[in-house]
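Values below: all heavy atoms of this structure, side chains included; hydrogens, waters and symmetry mates excluded. Residue numbers start from 1 in every chain, and the chains themselves are labelled A, B, ... in the order their sequence lines are given, proteins ahead of strands. This structure is a prediction, so every number in the text was calculated from the model and none was measured.
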Number of protein chains: 2
Amino acid sequence: MVGGPPWWHGKFAGYGYRMTVPRQAILSTLSKSKKHLSAEDIYLSVHKAYPGIGLTTVYRTLELLVRMGLVFKFDFGDGRSRYELAEGPNTNHHHHLVCRGCGRIIDYSELVDEETKILKQIGQTLSKKYDFSIDSHQIHFLGLCNKCK
Amino acid sequence: MVGGPPWWHGKFAGYGYRMTVPRQAILSTLSKSKKHLSAEDIYLSVHKAYPGIGLTTVYRTLELLVRMGLVFKFDFGDGRSRYELAEGPNTNHHHHLVCRGCGRIIDYSELVDEETKILKQIGQTLSKKYDFSIDSHQIHFLGLCNKCK
DNA sequence: AATGGAAGTGAAAACCATTACCAATAAGGA
DNA sequence: TCCTTATTGGTAATGGTTTTCACTTCCATT
Ligand SMILES: [Mn+2]
Ligand SMILES: [Mn+2]
Ligand SMILES: [Zn+2]
Ligand SMILES: [Zn+2]
């Protein structure tokens with residue numbers, strides 16, 4: 001329940017990156033939110049505590065975090081990218097239902113175990129056949145939510 | 001092998017839409033390509049045969065076709081949307097490997113039968129639980145292709 | 001054939017999320 | 001503390017997509 005340094009602290013030095021205040025703040029914001037935040041969402045949130053942090057830095061940091069595998073980047077079709085913390089001690093593997101009417105996103109983690117089993121198998125087959133190293137996957141179900149149909 | 005009117009001809013009148021030259025041309029371009037075309041790709045292709053057709057119409061038409069379910073729209077992370085004809089007599093259900101290094105997209109249709117089986121099941125469960133009507137799904141495997149790893 | 005309303009179109013301008021640029025700053029090992 | 005270099009923030013561009021608006025085409029009805 002209590003502290004200790006956040007679990008991502010170690011990840012930076014190893015790559016030759018520095019752990020800075022903006023990076024802390026952005027990771028902290030991501031870890032506290034359960035939504036799918038846009039770059040601007042994150043900028044506004046971070047900006048309250050650290051008004052000096054600029055939007056450019058948010059974009060740069062997100063790109064870095066995605067490259068490091070700490071954050072997932074999604075496109076749900078609303079014209080801006082959405083970010084969420086990758087699986088860690090506090091987040092579970094899940095996929096998404098995307099409403100084409102209102103853009104609502106529903107996370108689901110039911111049955112991901114079954115999915116995962118089959119996807120792992122498929123991933124292995126594809127890796128071999130196409131000489132492609134897979135490091136993550138996304139599943140989107142598209143349709144209409146209860147309010148929109 | 002030979003003609004008859006394209007299979008999509010019927011789909012328009014039913015919705016109160018008209019079958020026009022630009023729409024014909026765009027569908028024709030999509031049906032002849034095996035790649036994942038951007039709006040500009042389509043514009044350039046269509047423009048050769050019909051120099052009068054504008055980029056705006058391409059965007060508008062693609063939006064319409066996506067709404068009608070005749071075309072799928074994808075975001076593979078290269079900053080522009082990509083389109084491909086939905087499944088018909090000539091196209092098969094498939095999913096994608098997306099290379100984070102060079103952006104290469106690999107279509108695969110191996111094992112989609114197994115996927116489909118499980119996804120149909122999962123889709124039903126989710127539909128019911130979230131009162132959400134699913135009309136399509138996408139699976140992306142992200143990683144590095146042989147040239148990039 | 002003439003008419004009128006609705007659907008469709010193209011050129012240009014506006015939009016806006018993201019990126020490039022560059023001078024200034026801060027992190028962290030020696 | 002000093003030095004090297006990663007990092008940052010403001011501003012200006014970039015570029016894919018959307019909006020606007022006047023004009024054209026389609027088609028059901030006189
Ligand atoms: Mn999610
Ligand atoms: Mn494809
Ligand atoms: Zn909805
Ligand atoms: Zn590649």
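An OP1 or OP2 oxygen of D:dT17 is reached within less than 4.0 angstrom by no side-chain nitrogen or oxygen of B:Arg80. Phosphate proximity of C:dA17 to A:Ser81: absent, as no side-chain N or O sits under 4.0 Å from OP1 or OP2. B:Thr20 has a side-chain polar atom (N or O) that falls below the 4.0 Å cut-off from OP1 or OP2 of C:dT9. Using a 4.0 Å cut-off, no side-chain N or O of A:Arg18 falls inside it from OP1 or OP2 of D:dT5. For C:dT18, one of the phosphate oxygens OP1 or OP2 lies less than 4.0 angstrom from a side-chain nitrogen or oxygen of A:Tyr59. Side-chain nitrogen and oxygen atoms of B:Arg60 include none within less than 4.0 Å of the OP1 or OP2 phosphate oxygen of C:dT9. Listed pair B:Ser38 / D:dG16 fails the phosphate criterion, with no side-chain N or O lying under 4.0 Å from OP1 or OP2. For the OP1/OP2 pair of D:dG9 and a distance below 4.0 Å, the side-chain nitrogens and oxygens of A:Thr57 include at least one atom meeting the criterion.
Of the residues near DNA chain D, A:Pro22 and B:Lys73, the one whose nearest nucleotide (by heavy atom distance) lies more toward the 5' end is A:Pro22. The 5' end of DNA chain D is approached more closely, in terms of each residue's nearest nucleotide, by B:Arg82 than by the other of B:Val21 and B:Arg82.
B:Glu63 places its CD atom 13 Å from the P atom of C:dT9, with the value rounded to the nearest Å. Protein atom CG of B:Leu37 is 15 Å distant from nucleotide atom P of D:dG16, rounded to whole Å. The CD1 atom of B:Ile53 sits 11 Å away from the P atom of C:dA11 (whole-angstrom rounding). Taking atom CE of A:Met19 as the reference point, atom C1' of C:dA26 lies 15 Å away to the nearest angstrom. The CG atom of B:Leu55 sits 15 Å away from the P atom of D:dG15 (whole-angstrom rounding). Between A:Leu44 atom CG and C:dA17 atom C1' there is a gap of 14 Å when expressed in whole angstrom units. Taking atom OH on A:Tyr15 and atom P on C:dA27, their separation rounds to 22 Å, with Å as the unit. Rounded to a whole Å, the OH atom of B:Tyr50 is 17 Å from the C1' atom of C:dG10.
Between B:Ser136 and A:Phe141 the shortest side-chain heavy-atom distance does not fall below 4.5 Å. B:Val66 has its side chain out of reach of B:Phe72: every pair of non-hydrogen atoms, C-beta onward, lies at least 4.5 Å apart.
A donor-acceptor contact shorter than 3.5 Å links the side chain of A:Ser127 to the backbone of A:Gly123. Checked by atom type and distance alone, the side chain of B:Thr91 pairs as donor or acceptor with a backbone atom of B:Ala86 at under 3.5 Å.
Around the NZ atom of A:Lys117, the shell of radius 6.0 Å holds no more than 12 heavy atoms that belong to other residues, nucleotides or ligands.
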